[in-house]
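Here is the structure we will look at.
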Amino acid sequence: MKNFLILILCFFSLATSSLTSTALAETSTPKNFETVVAEDEATVNKEVINSQQSEPEHKMQDEGSMGEEVHHGPPTWLVIPFMLLLGMIATGPLFYEHFWHKNYPIIAIFLALIVVFYYVFSLENVHGPIHSFAEYVQFIALLASLYMASGGILIKVDKKATPGVNTALLIIGAVISNLIGTTGASMLLVRPFIRMNKGRVKAYHIIFFIFMVSNAGGALTPIGDPPLFLGFLKGVPFFWTLEHNILAWAFCLIILAVLFYIVDKRNKDLDESELPGSFSNKISIVGGRNFLWLGVVIAAVFLDPNVVDWVPAIQYDGTKFSYLREVIMLSVAYLSHRFANKEALRGNEFNMEPIREVALIFIGIFGTMMPALELVSEFAKSDAGTALINHNSLYWGTGFLSGVLDNAPTYLNFLAAAMGSSGMDVGNIADVAAYANGSFPDSILSLRAISLSAVFFGALTYIGNGPNFMVKSISEQTGVKMPSFFGYIIRYSIPILLPILLFVWIIFFAFQPA
């Protein structure tokens, strides 16, 4: 019954964004035989040492062991707040817009507190909420710094918005995503893209922007998308994604570009009164010094205490929590806005509402998705789940869940399950590097399936990847009428994106030998 409910959760989530959770993947990874033997030997040695200790030492150790935190698993029903939040995100703007926009902060925080309180007071598990809070801080620090820094850069493209020019901009944005991340590229280019299409901009412009720039474009480097960066921190070589993902990346983007060109060419709705009399065909930048702030953010991403030993960290429950990186990012958020070019801010119609909305909505998402992630992780590593693991199931499993559970923890959970089924440990950098380099016949194919689907399927919903929701919010702030949560899925994800992802699977995975 439990497994059935988990599957219901997966499909419900499909219908309804750093940098996140490494803890669940690490703590639930199956151990190989050598690890078990080593732990048994360590236990025996510890018992021998304990038997030689004095009585006061025994007492102190017993008291310490009683104080150790026991991590209990959540009940299946605890996913209800998460499902309820997704449902309200989907239906609120459509059926009770005034109530939702006025009360969504209270709703998101209240539902998150229900789950957090249950973890702390019923499960006696402080570990999960603290990890989730740390992940949220990492997530929002990155998004806030990129949003604030890019808000001070005004890119003026004085060109007529033809289908060819629009398509070229989306392709360029997809390439740039690999250099400054999907979030950085999205925040930098979405406003110029909207301004360039003034008088003819439609929802499909923004949807294809999300598909290409905010998601699929960033599949070639660890900088491109948060799940790939977490893989790099775990031990996947830096250029692995470029070598193994480039053909599927090009295939996906070419199809999306062709489809966008066809749709855009049919757009004859044009408000001539909003267009200038002539075009200079020039591109100019106001507030270019903010590119330096963006560079600081990208450089700070690599200050991870789990990789670089000299970086200070907060030690908790066997995990190093970064804080220097987040302090730098939040400082950039403040300073880049404080000293930004005022003309650039006015030209971008910059305000805090998009980042405020994302920050508050994702408090609810990070708080309520803990049991969902944990239950999915448990199932993936159970005997039944392990028996299903191959590159095909990893592609679809990672993909669908990446659309509704932040794609970074989904990537790590499925990588942990895939490696665990081969007797390897995702917490061991050498194991991850060996797995990426083909230590098992199916390992390269499996890692490619996890990597591509985590990035590509992040575009299935507004909450699949961090920049999606922010691009939507910015677009609505500029007057673009965006589809609802369900409207996005039904009108765009299912008829346009899913068939492309199906073709990616058929061509690159379906007929590959395991």
Side-chain angles (χ1 to χ4, degrees), residues 17-21 104-105 108-109 112 132-154 177 180-191 210 213-215 218 223-227 229-230 287 289-304 321-341 344-345 348-367 406-409 458 462-478:
S17 42
S18 106
L19 306 171
T20 50
S21 176
Y104 74 85
I109 293 172
S132 189
F133 174 75
E135 292 153 11
Y136 172 78
V137 172
Q138 294 171 2
F139 169 85
I140 205 62
L142 177 65
L143 260 64
S145 58
L146 290 172
Y147 176 76
M148 304 289 272
S150 63
I153 301 173
L154 175 63
S177 292
I180 61 174
T182 53
T183 301
S186 298
M187 296 304 97
L188 190 64
L189 296 177
V190 66
R191 294 183 184 93
I210 291 174
V213 180
S214 303
N215 288 274
I223 299 174
D225 216 34
F229 184 73
L230 292 181
R289 64 172 177 258
N290 271 36
F291 280 112
L292 296 176
W293 291 117
L294 286 176
V296 172
V297 175
I298 299 303
V301 167
F302 291 91
L303 295 178
D304 190 288
F321 287 148
S322 167
Y323 67 87
L324 177 62
R325 175 177 59 197
E326 286 66 41
V327 168
I328 292 173
M329 288 179 176
L330 292 174
S331 299
V332 167
Y334 172 76
L335 295 172
S336 64
H337 180 67
R338 173 68 177 78
F339 298 105
N341 184 290
L345 293 176
N348 283 328
E349 299 178 1
F350 183 87
N351 63 74
M352 297 295 184
E353 183 56 30
I355 189 63
R356 174 182 177 273
E357 185 176 5
V358 169
L360 291 170
I361 286 291
F362 275 87
I363 285 178
I365 291 174
F366 272 82
D406 190 85
N407 57 2
Y462 284 131
I463 65 170
N465 197 17
N468 300 3
F469 206 91
M470 193 171 292
V471 167
K472 170 186 180 288
S473 184
I474 291 173
S475 302
E476 289 176 334
Q477 287 282 309
T478 60

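Since this is a predicted model, take the numbers as computed values, not measurements.
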Evaluate the criterion side chain to side chain contact (heavy atoms under 4.5 Å, CB included) for residue pair Tyr147 and Ile474; output intermediate values, then yes/no.
CA-CA 10 Å; Tyr147 176 76; Ile474 291 173; 3.8 Å; yes
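- For the atom pair OG (Ser336) and CZ (Arg289), the distance works out to 10.5 Å, reported to the nearest 0.5 Å.
- Minimum heavy-atom separation, Ala112 to Gly364: CB-CA, 4.0 Å.
- Using a 4.5 Å heavy-atom cutoff, the side chains of Val296 and Ile328 are in contact.
- With a 4.5 Å cut-off on side-chain heavy atoms, Val213 and Val471 do not count as touching.
- A heavy-atom distance below 4.5 Å is not found between the side chains of Leu230 and Pro226.
- Looking at Ser322, its side chain never comes within 3.5 Å of a backbone N or O of Asp304 through a donor-acceptor pair.
- Contact between Glu326 and Ala141 at its shortest, heavy atoms only, is CG-CB, 4.1 Å.
- Judged by distance alone, with hydrogens and angles left aside, the side-chain atoms of Asn468 form a donor-acceptor pair with the main-chain N or O of Gly458 at under 3.5 Å.
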Working for side chain to side chain contact (heavy atoms under 4.5 Å, CB included), residues Leu335 and Met148:
CA-CA 9 Å; Leu335 295 172; Met148 304 289 272; over 6 Å; no
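- Around atom CZ of Phe302, more than 12 heavy atoms belonging to other residues, nucleotides or ligands sit under 6.0 Å away.
- For the atom pair OG (Ser475) and CZ (Arg191), the distance works out to 10.0 Å, reported to the nearest 0.5 Å.
- Heavy atoms only, all atoms of each residue included: Ile153 and Ala149 are closest at CG1-O, 3.8 Å.
- The OG atom of Ser473 sits 8.0 Å away from atom CG of Asn351, with the distance rounded to the nearest 0.5 Å.
- Residues Pro467 and Thr183 share a closest heavy-atom pair of CD-OG1, 3.5 Å.
- The closest side-chain donor-acceptor pair between Thr182 and Asp225 falls under 3.5 angstrom.
- Side-chain N or O atoms of Asn348 include one that pairs as donor or acceptor with a backbone N or O of Gly151 at under 3.5 Å.
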Derivation of the side chain to side chain contact (heavy atoms under 4.5 Å, CB included) call for Ile180 and Phe291:
CA-CA 10 Å; Ile180 61 174; Phe291 280 112; over 6 Å; no
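- The aromatic rings of Phe469 and Phe362 sit perpendicular, their planes meeting at an angle over 60°, well past the 30° parallel limit.
- Here the side chain of Tyr136 pairs a donor or acceptor atom with the backbone of Ala359 at under 3.5 angstrom.
- Between the side chain of Asn290 and the backbone N or O of Ala340, no donor-acceptor pair lies under 3.5 Å.
- The CD1 atom of Ile355 sits 8.5 Å away from the CZ atom of Phe350 when rounded to the nearest 0.5 Å.
- The two residues Val297 and Ser145 have their closest heavy-atom pair at CG1-OG, 3.5 Å.
- Residue Leu303 holds its CG atom at 5.5 Å from CG of Leu324, rounded to the nearest 0.5 Å.
- With sequence neighbours left out, Phe339 forms a ring-ring contact (aromatic ring centres under 6.0 Å, His included) with no residue at all.
- Under the 4.5 Å side-chain criterion, counting only non-hydrogen atoms from C-beta, Met187 is in contact with Met470.
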Tell me, with the steps shown, if Met329 and Val301 meet side chain to side chain contact (heavy atoms under 4.5 Å, CB included).
CA-CA 9 Å; Met329 288 179 176; Val301 167; 3.6 Å; yes
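- The CE atom of Met352 lies 15.0 Å from the CD atom of Glu357; values are rounded to the nearest 0.5 Å.
- Looking at every heavy atom in both residues, Ala185 comes nearest to Ser177 through CB-OG, 3.5 Å.
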